[in-house]
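As C-alpha cells, the structure follows; a few thoughts come after it.
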Amino acid sequence: MRYWLMKSEPDDCSIDDLAAMPEQTVAWYGVRNYQARNFMMNQMTVGDWVLFYHSSCPEPGIAGIAQVASPAYPDATQFDASSRFFDPKSRPEQPRWFNVDVRFVRKTRLIGLPELRDTPELANMRVLARGNRLSITPVDPDEWRFITETMLELKTDEL
DNA sequence: GCCAACGTTGGC
DNA sequence: GCCAACGTTGGC
C-alpha cells in the first residue's frame, strides 16, 4: 500500500468534479512525463491512497482524498488527434503513455500551499521540493498520517 | 504575464 | 554522449 499526491487543475477536474463523475471515478489521462508515468505503471496498485491537489489556481493545495481504482492502462488521448494530449509518435501496438483510474473518497478542507510549507513535519515532502514539477509524487507514510490524522483529524479507517 | 526550474529534442 | 535551444509546469 502506497501513498501519493496527484495534481489536478480544478478548471480541468476539481475534487467536486471528481465527486460528480459517474462512479465518482476518472481516468487520470494526460500525463506526459516519464517519471510520473512510471509511478503509475510500476508502483501504483489498486487501493493506494491519494492526496488530491489543486494546482495552477488561485488557492493551490490539498483539496481531498482519493484512491487508485485501476491498474495502469494505455491513455486513450495519446491516439486522439483532436486531443491536446495527442502524441503522433505513439503507436497503438506500443503505447507510450498510460494512466490509472482514480476514485473519489472524500473532500476535505483545503490545506493551502502556504500551510503545507509552514508545517515542519512536511518539510521533506516531495511535492514541496524546490523546482519540483512532477504532477504525481510519492508521499511518505509518516507524511500521510500527519496530514490525515493531525491536520484533517481523520483516521484512515474512517475514510 | 513573468520567470525559475527542469524535461525533451535533435544536431553534432 | 554532449549540450544548446526550446517547451512546460506552476507559483506568484
Side-chain angles (χ1 to χ4, degrees), chain A residues 2-21 25-44 48-69 72-140 142-144 146-148 150-152:
Chain A
R2 289 185 157 97
Y3 305 97
W4 305 94
L5 182 144
M6 299 175 81
K7 294 179 183 175
S8 180
E9 302 188 12
D11 283 352
D12 253 13
C13 180
S14 69
I15 189 73
D16 291 326
D17 295 334
L18 180 63
M21 291 279 189
T25 299
V26 72
W28 207 263
Y29 60 80
V31 170
R32 294 296 180 268
N33 169 284
Y34 288 103
Q35 237 184 309
R37 180 204 69 174
N38 291 343
F39 285 143
M40 290 195 284
M41 283 182 69
N42 304 330
Q43 296 195 36
M44 280 190 185
D48 280 3
W49 294 100
V50 174
L51 297 170
F52 191 100
Y53 181 97
H54 285 173
S55 68
S56 295
C57 60
E59 278 196 292
I62 294 165
I65 291 171
Q67 245 177 337
V68 175
Y73 58 93
D75 177 339
T77 61
Q78 70 195 302
F79 305 122
D80 175 0
S82 70
S83 168
R84 67 190 161 110
F85 299 115
F86 178 60
D87 183 349
K89 293 185 192 159
S90 184
R91 324 273 245 80
E93 317 82 84
Q94 200 175 4
R96 190 181 280 204
W97 305 113
F98 286 70
N99 64 250
V100 297
D101 290 342
V102 170
R103 181 181 302 124
F104 176 83
V105 173
R106 65 152 72 214
K107 187 177 177 175
T108 65
R109 77 174 176 88
L110 188 101
I111 306 177
L113 185 55
E115 183 179 354
L116 293 171
R117 290 203 185 284
D118 275 351
T119 303
E121 289 83 352
L122 304 180
N124 295 322
M125 262 192 103
R126 185 90 171 262
V127 72
L128 302 179
R130 176 186 153 86
N132 171 71
R133 290 189 314 166
L134 272 181
S135 61
I136 299 175
T137 49
V139 172
D140 287 346
D142 286 346
E143 294 164 348
W144 172 270
F146 188 81
I147 290 168
T148 54
T150 303
M151 299 180 85
L152 297 174

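Throughout, protein chains are lettered first and strands after them, A, B, ... in sequence-line order, and every chain is numbered starting at 1.
- Contact annotation: K89(A) reaches the phosphate of dG10(B) (side-chain N/O to OP1 or OP2, under 4.0 Å).
- The separation between L116(A) atom CG and dG11(C) atom P is 11 Å, rounded to whole Å.
- Contact annotation: R130(A) does not reach the phosphate of dA4(B) (side-chain N/O to OP1 or OP2, under 4.0 Å).
- The minimum heavy-atom distance between V102(A) and L18(A), with the atom names listed, is O-CD1, 3.7 Å.
- Between D87(A) and R32(A) there is no salt bridge, since no side-chain nitrogen of the basic residue lies less than 4.0 Å from a carboxylate oxygen of the acidic one.
- Regarding L128(A), its CG atom lies at a distance of 13 Å from the P atom of dG10(C), rounded to whole Å.
- The heavy-atom pair separating D12(A) from R84(A) by the smallest distance is OD2-NH2, 2.7 Å.
- Residue L134(A) contributes atom CG, which lies 12 Å from atom P of dT9(C) at whole-angstrom precision.
- Straight-line distance from the CZ atom of R126(A) to the C1' atom of dT9(C): 16 Å, rounded to whole Å.
- Atom CG of D87(A) and atom P of dT8(C) are 13 Å apart (whole Å).
- Put simply, NZ on K7(A) is 12 Å from P on dC6(B), counting in whole angstrom units.
- For residues 29-41 of chain A, proximity to DNA chain C is found at no residue, defined as any non-hydrogen atom under 4.0 angstrom from a strand atom.
- Note: CD (E115(A)) to P (dG11(C)) measures 16 Å, nearest angstrom.
- With hydrogens and angles left out, the side-chain atoms of D48(A) and Y3(A) include no donor and acceptor closer than 3.5 Å.
- A ring pair (Phe, Tyr, Trp, His ring centres under 6.0 Å) with W4(A) is found for exactly one of W49(A), F39(A), F52(A), namely F39(A).
- Ring centers of Y34(A) and W97(A): under 6.0 Å apart, within the cut-off.
- The CZ atom of R133(A) sits 17 Å away from the P atom of dC3(B) (whole-angstrom rounding).
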